Amino acid sequence: LESTADDSTTPRLADKEADIMSFFAAVGIFITASIAVFALLFATYQVTKRLRKKAPTPTIDPKGMPYLRPIPIPTANSPFGMRTLVWFFEIRRWVLTENWRYRLKDGTEIILPADFEFDGASIPRIFWGILSPVGLLLIPGLIHDYGYKYNQLWELTDEGQVRPYPGAGHEPGKVFWDKLFRGEAKDVNGFWLINAVAWLAVAVGGNGTWRRHREVDAKPDKPRVVQS
């Protein structure tokens, strides 16, 4: 009887071991293939970059880019376990060091005030590998973060006056800012696929961030404009 039980158990253990080995083999193949694809794309990019006679002209004047200061992430005086968690999960925050002006696709000139902090959190962290909030999506992400936090922007009129955007009596809402994000991203970087994925990410994954901002209901500081 004991021999029969042992004989029936052995195949099941062997099957489980085989399944585990197959799983790790599949993971290994996936990682190897991903590295190979990345290496191929990187090599292609480098060759194309060298062969290209003229670099493309950016749609934004470099002088019109926002001036940002990174806010330090504290880790040095924390226990090892906490430092590790901070390394994995803490989000880098940035602050505007001066007022930033930008003209939207519809012709409206907006102005965001100095000292505004943002972290790109409206783009879910899981997507940051391909949708970095300080990469191709910096400009639309900055606008989107301000819109999400305050449900408005600031418009700078031709007369030098600062007023809420959209105008008084409008409650734009989450869908408005998600749509604006996609439109401005298309205008800035022209990358249809990345912008579509980014828009989907904020449309689906940004609900928690939007709700938290509405619960806090912070009031925006009006930018101070010095008349020349």
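Small disclaimer: the values here were computed from a predicted structure and weren't measured.
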Contact between Arg214 and Asn151 at the side-chain level, heavy atoms closer than 4.5 Å - yes or no?
yes
message: I'd like to know if Phe24 and Ile31 are part of one continuous hydrophobic network [Ile/Leu/Val/Met/Phe/Trp/Tyr, side-chain heavy atoms within less than 4.5 Å].
response: yes
#### Entry: Side-chain heavy atoms of His144 within contact of Asp178, under 4.5 Å
yes
More than 12 heavy atoms of other residues, nucleotides or ligands under 6.0 Å from CG of Asn77: is that the case? no
Hey, does the side chain of Lys186 reach the backbone of Ala196 with a donor-acceptor pair shorter than 3.5 angstrom? no
Correct closest heavy-atom pair for Ala76 and Arg83 would be O-NH1, 4.3 Å
Counting only heavy atoms from other residues, nucleotides and ligands, does the tally under 6.0 Å from CG of Asp115 exceed 12?
no
Heavy-atom neighbours of Trp199 CH2 exceed 12 at 6.0 Å = no
All heavy atoms of Leu136 vs all of Pro140, minimum pair found to be O-CD, 4.4 Å
Strictly distance-based, threshold 3.5 Å: is any side-chain N or O of Asn99 a donor or acceptor partner for the main-chain N or O of Ala114? yes
Is there a donor-acceptor pair under 3.5 Å between the side chain of Glu184 and the backbone N or O of Lys105? yes
| So Tyr146 and Tyr150, would you call those rings parallel, tilted or perpendicular, with 30° and 60° as cut-offs? | tilted
Notebook entry, point to check: Can Ile60 be reached from Leu104 by stepping across I, L, V, M, F, W or Y side chains whose heavy atoms are under 4.5 Å apart?
Noted result: yes
Between Asp221 and Lys219, is the closest basic N to carboxylate O distance under 4.0 Å? no
Residue set satisfying ring pair (Phe, Tyr, Trp, His ring centres under 6.0 Å) with Trp100, at least two apart, ordered chain then number -> Tyr102
**Asked** Are Leu137 and Asn189 close enough that some pair of their side-chain heavy atoms sits under 4.5 Å apart?
**Response** yes
Nearest heavy-atom contact between Pro74 and Val86 is O-CG1, 4.0 Å
Begin with the C-alpha distance, continue with both residues' side-chain angles, and end with the deciding distance and a verdict on side-chain contact (heavy atoms from CB on, under 4.5 Å) for Met65 and Ile139.
CA-CA 8 Å; Met65 293 292 286; Ile139 299 301; 4.1 Å; yes
Do side-chain atoms of Arg92 reach the backbone of Ile71 as a donor and acceptor pair under 3.5 angstrom?
yes
CG of Leu68 to OG1 of Thr97, rounded to nearest 0.5 Å, is 7.0 Å
Interatomic distance, CG@Leu153 vs CD1@Ile111, rounded to 0.5 Å, equals 11.5 Å
Distance col, row Leu112:CG vs Leu96:CG, nearest 0.5 angstrom, shows 6.5 Å
* For the hydrophobic clusters of this structure (ILVMFWY residues joined by side-chain heavy atoms under 4.5 Å, transitively), does one cluster hold both Val37 and Val197? -> no
- Query: Are any of the side-chain heavy atoms of Trp94 and Leu142 separated by less than 4.5 Å?
  - Reply: no
Would you say Asn207's side chain and Val204's backbone share a donor-acceptor pair under 3.5 angstrom?
yes
Q: Answer whether the closest heavy-atom distance between the side chains of Val202 and Trp177 falls below 4.5 Å.
A: no
To the nearest 0.5 Å, atom CD of Glu109 lies from atom CG of Leu156 at 4.5 Å
ring-ring contact (aromatic ring centres under 6.0 Å, His included) test vs Tyr148 passes for just one of Trp210, Phe181, Phe176, namely Trp210
Rounded to the nearest 0.5 angstrom, the NZ-NE2 distance for Lys174 and His213 is 12.0 Å
Interatomic distance, NZ@Lys149 vs CZ@Arg212, rounded to 0.5 Å, equals 12.5 Å
>> Is there a side-chain contact between Trp154 and Val225 in this structure, where contact means two heavy atoms from C-beta onward sitting under 4.5 Å apart?
In response: no
